[in-house]
Chemist: 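First the structure, then my questions, so here it is.
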Amino acid sequence: MGRQRNHEREDPQARLSDGSIARIAPGEFGGGWEVVVDGTPQSHVDLDDPTHLHFEYVARMGAVIDQLPAGPLTAVHLGAGGLTIPRYVEATRPGSRQQVVELEQALVDLVREHLPLPRGAAIRIRIGDAREGLGRLPGSLTGQVDLLVSDVYSGAQTPAHLTTVEFYREAAKLLAPGGVLLVNVADGAGLAFARRQVATIREVLPHVVVLAEVQVLKGRRFGNLVVAASAAPLPTEWLPRLMAAGPHPAKVAEGAEIDTFIRDAIPATDGDATASPRPSASMFER
């Protein structure tokens, strides 16, 4: 998520199914373009350099992806936005096979028209709810996915049904034995939602690390945390590399720090889950 702004120019736009407006706007910092939904930037895209990951949490995802074994990846992305991470994987891992599930056809059409994908990229986009879309993916993907990214927002919140043990169990079926799940979690003071999300993910995939800016991980301000999880142990040599990759000031929590982070949080289920907290609009003002 990014910052709100007023629109005085005529940016390309589309109306989404919930009535919100998606726009393609010039990036105000770092060049490139932003996909903006109801005033909040959801994605940043640099068509000239797809390895340029402008948003901090996306850069942290890129740092994890860089640690995966060399060569093309089989990847599934829940939530399209500007297709920033699929573009990154295509640029850094040529020959990768990627599937994207996105609820909003109008958003996909807007992005493909004004921020076209690289010619020849093996990126298949499927329209539908992210959770329902898991069941419609090719059966051949089961147990074969190297990278699964969950970054789904309706407005500024992750829907409750995409935060539960049941959802993550379905998603984890796709992963190869050493496959990695990446989840974007947004939370604020106290990190009650983030703690519960980490507890929920660890219930399904036991090996977990959390990457965030230091003050966000301490619960001192609203921001994004990236959760990386796998059924297999995550290589310990990742940690210094992830720290060095930034953005700074960076923190990577693992092992006993995850126990401390979760505290007494109870995993979320379909019966009691809640959407992620809505940030204050003032935090996005420029």
Chemist: Answer yes when Arg93 and Asp66 have at least one side-chain N-carboxylate O distance shorter than 4.0 Å, and no when they do not.
Modeler: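 No salt bridge links Arg93 with Asp66.
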Chemist: Please evaluate residues Thr51 and Leu53 with respect to the criterion side chain to side chain contact (heavy atoms under 4.5 Å, CB included), reporting the C-alpha separation (whole Å), side-chain torsions for both, the decisive distance (0.1 Å), and the verdict.
Modeler: CA-CA 6 Å; Thr51 67; Leu53 303 179; over 6 Å; no
Chemist: Closer than 4.0 angstrom, basic N to acidic O: yes or no for Arg131 and Asp270?
Modeler: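 Salt bridge flag = yes for Asp270 with Arg131.
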Chemist: To the nearest 0.5 Å, tell me how far Gln105 CD sits from Ile125 CD1.
Modeler: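 Reported value, rounded in 0.5 Å steps: 9.0 Å.
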Chemist: So do Asp11 and Ile24 actually touch side chain to side chain, heavy atoms under 4.5 Å?
Modeler: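 They are not in contact (no side-chain heavy atoms under 4.5 Å apart), so the answer is no.
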Chemist: Knowing that exactly one of Asn224, Thr158, Asn184 qualifies, which makes a side chain to side chain donor-acceptor pair (under 3.5 Å) with Asp151?
Modeler: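 Result: among Asn224, Thr158, Asn184, Asn184 is the only option passing the side chain to side chain donor-acceptor pair (under 3.5 Å) with Asp151.
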Chemist: In terms of hydrophobic clustering (I, L, V, M, F, W, Y; side-chain heavy atoms under 4.5 Å; direct or indirect links), are Leu205 and Leu174 co-clustered?
Modeler: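 Both belong to a single hydrophobic cluster.
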Chemist: Taking all atoms of both residues into account, what is the closest heavy-atom pair of Leu162 and Tyr168, and its distance?
Modeler: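 Nearest heavy atoms, Leu162 then Tyr168: O-OH, 3.8 Å.
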Chemist: Between atom OG of Ser96 and atom CG of Leu73, what is the distance when rounded to the nearest 0.5 Å?
Modeler: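 The CG atom of Leu73 is 4.5 Å from OG of Ser96, to the nearest 0.5 Å.
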Chemist: Out of curiosity, does Val208 fall in the hydrophobic cluster containing Val226 (side-chain heavy atoms, cut-off under 4.5 Å, transitive links)?
Modeler: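 Looking at the clustering, Val208 is in a separate group from Val226.
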Chemist: Can you check side chain to side chain contact (heavy atoms under 4.5 Å, CB included) on Leu182 and Val227, steps first, answer last?
Modeler: CA-CA 6 Å; Leu182 289 178; Val227 182; over 6 Å; no
Chemist: Looking at Pro177 and Ala232, what are the two nearest heavy atoms and their distance?
Modeler: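 Looking at all heavy atoms of both residues, the shortest contact is O-CB, 3.6 Å.
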Chemist: Is it the case that the side chain of Arg15 and the backbone of Gly19 share a donor-acceptor pair, with hydrogens and angles ignored and the cut-off at 3.5 Å?
Modeler: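 Yes, the answer is positive, given that a donor and an acceptor are paired below the 3.5 Å cut-off.
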Chemist: Please step through side chain to side chain contact (heavy atoms under 4.5 Å, CB included) for the pair Arg126 and Arg136, ending with a clear verdict.
Modeler: CA-CA 9 Å; Arg126 299 172 181 270; Arg136 295 198 297 269; 5.6 Å; no
Chemist: So, Thr200 side chain and Ala268 main chain: donor-acceptor pair closer than 3.5 Å or not?
Modeler: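 Yes, the answer is positive, given that a donor and an acceptor are paired below the 3.5 Å cut-off.
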Chemist: Find out whether Val210 and Val252 are in side-chain contact, i.e. whether some heavy atom of one side chain is under 4.5 Å from a heavy atom of the other.
Modeler: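 A side-chain contact is absent here, since even the closest heavy-atom pair is not under 4.5 Å.
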Chemist: One thing to verify: whether Asp146 and Arg97 come together as a salt bridge, which I'm taking to mean a side-chain N less than 4.0 angstrom from a carboxylate O.
Modeler: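 Salt bridge flag = no for Asp146 with Arg97.
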Chemist: Angle class for the His54/His44 ring planes (parallel below 30°, perpendicular above 60°, tilted otherwise)?
Modeler: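 Answer is tilted, since the angle falls between 30° and 60°.
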Chemist: Do any N or O atoms from the side chain of Arg60 and from the backbone of Pro247 form a donor-acceptor pair under 3.5 angstrom?
Modeler: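 Looks like yes, one N/O pair under 3.5 Å.
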Chemist: Can you check whether Ala80's main-chain N or O pairs, donor with acceptor, with Glu102's side chain at less than 3.5 Å?
Modeler: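 Side chain of Glu102 to backbone of Ala80: a pair is present.
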Chemist: Decide yes or no for Arg220 and Val216: does some side-chain heavy atom of the first lie under 4.5 Å from some side-chain heavy atom of the second?
Modeler: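 No, too far: nothing below the 4.5 Å cut-off.
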Chemist: Check each of Asp187, Ile262, Leu191, Val185 against Gln197 using the side chain to side chain contact (heavy atoms under 4.5 Å, CB included) test, and report the only one that passes.
Modeler: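 Going through Asp187, Ile262, Leu191, Val185 one by one, the side chain to side chain contact (heavy atoms under 4.5 Å, CB included) with Gln197 is satisfied by Val185 alone.
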Chemist: Whether the side chain of Ser43 engages the backbone of Gly82 through a donor-acceptor N/O pair (distance < 3.5 Å, no angle test) should be reported.
Modeler: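 Judged by distance alone, yes, a pair lies under 3.5 Å.
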Chemist: Checking salt bridge (charged side-chain N to carboxylate O under 4.0 Å, His left out) for the pair Glu10/Arg23: CA distance, chi angles, key distance, verdict?
Modeler: CA-CA 9 Å; Glu10 290 299 321; Arg23 291 183 169 90; over 6 Å; no
Chemist: Tell me yes or no: between the side chains of Ser17 and Glu104, is some donor less than 3.5 Å from an acceptor?
Modeler: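 Checked: Ser17/Glu104 side chains pair up, N/O donor to acceptor below 3.5 Å.
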Chemist: Donor-acceptor check, side chain of Ser230 to backbone of Gly179, threshold 3.5 angstrom: yes or no?
Modeler: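 Side chain of Ser230 to backbone of Gly179, a donor-acceptor pair under 3.5 Å: yes, one is there.
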Chemist: For Thr269 and Glu166, work out which heavy atoms get closest and say how close.
Modeler: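 Heavy atoms of Thr269 and Glu166 come nearest at CA-OE1, 3.4 Å.
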Chemist: Regarding Gln98 and Arg124, is there a side-chain donor-to-acceptor distance under 3.5 Å anywhere?
Modeler: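 No, no side-chain donor-acceptor contact under 3.5 Å.
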Chemist: So, does Thr40 use its side chain to make a donor-acceptor pair with the main chain of Val36 at under 3.5 Å?
Modeler: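 No; judged by distance alone, with no hydrogens or angles, the pair does not exist.
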Chemist: Out of curiosity, does Leu147 fall in the hydrophobic cluster containing Val209 (side-chain heavy atoms, cut-off under 4.5 Å, transitive links)?
Modeler: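 The answer is yes; both residues are in one hydrophobic cluster.
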Chemist: First locate atom CG of Leu134, then atom CG of Leu148, and finally report the distance between them rounded to the nearest 0.5 Å.
Modeler: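 Taking CG in Leu134 and CG in Leu148, the distance rounds to 7.0 Å.
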Chemist: Under 3.5 Å, is there a donor-acceptor pair linking the side chains of Arg278 and Gln157?
Modeler: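 Judged by distance alone, the side chains do pair up.
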Chemist: Under the side chain to side chain contact (heavy atoms under 4.5 Å, CB included) criterion, do Leu110 and Gln13 qualify, and how do the steps go?
Modeler: CA-CA 7 Å; Leu110 180 70; Gln13 62 180 264; 5.5 Å; no
Chemist: Would Val100 end up clustered with Leu115 when hydrophobic side chains under 4.5 Å apart are linked, directly or stepwise?
Modeler: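 Both belong to a single hydrophobic cluster.
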Chemist: May I ask you to test the Val101-Val152 pair for a side-chain heavy-atom distance under 4.5 Å?
Modeler: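 Result no, sub-4.5 Å side-chain heavy-atom pair not found.
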Chemist: Please give me the minimum heavy-atom distance between Leu217 and Ala212, naming the atom from each residue.
Modeler: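 The answer is CB-CB, 4.1 Å.
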Chemist: Keeping the roles fixed (side chain from Arg87, backbone from Asp46), state whether a donor-acceptor pair exists under 3.5 Å.
Modeler: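 The answer is no, because no donor-acceptor pair under 3.5 Å joins these two groups.
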Chemist: Quick check for you: to the nearest 0.5 Å, what is the distance between Met243 atom CE and Leu211 atom CG?
Modeler: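 The CG atom of Leu211 is 9.5 Å from CE of Met243, to the nearest 0.5 Å.
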Chemist: Report the distance from atom CG of Leu103 to atom CG of Leu16, rounding to the nearest 0.5 Å.
Modeler: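 With rounding to 0.5 Å, CG (Leu103) is 9.0 Å from CG (Leu16).
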Chemist: With heavy-atom distances below 4.5 Å as the criterion, would you say the side chains of Asp272 and Arg196 are in contact?
Modeler: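 In contact.
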Chemist: For the residue pair Val35 and Leu107, establish whether any side-chain heavy-atom pair is separated by less than 4.5 Å.
Modeler: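 Yes; the side chains approach each other to less than 4.5 Å.
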Chemist: Below 4.5 Å, heavy atoms only, C-beta onward: do Leu83 and Leu117 meet side chain to side chain?
Modeler: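 The answer is yes; the side chains approach within 4.5 Å.
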Chemist: Does some side-chain heavy atom of Glu56 sit less than 4.5 Å from a side-chain heavy atom of Glu213?
Modeler: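 A side-chain contact under 4.5 Å exists here.
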Chemist: I need the minimum non-hydrogen distance between Ala22 and Val37, along with the two atoms involved.
Modeler: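 So the minimum-distance heavy-atom pair works out to CB-CG2, 4.1 Å.
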Chemist: Are Phe167 and Leu225 linked, directly or through other ILVMFWY residues, by side chains that come within less than 4.5 angstrom of each other?
Modeler: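 As far as the 4.5 Å side-chain criterion goes, Leu225 and Phe167 are connected within one cluster.
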Chemist: Specify the closest pair of heavy atoms between Ala273 and Ala160, including all atoms of both residues, with the distance to one decimal.
Modeler: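 Closest heavy-atom pair between Ala273 and Ala160: CB-O, 3.7 Å.
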Chemist: If I take atom CG from residue Leu242 and atom CD from residue Glu254, how far apart are they, to the nearest 0.5 angstrom?
Modeler: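 Leu242 CG to Glu254 CD: 10.5 Å, rounded to 0.5 Å.
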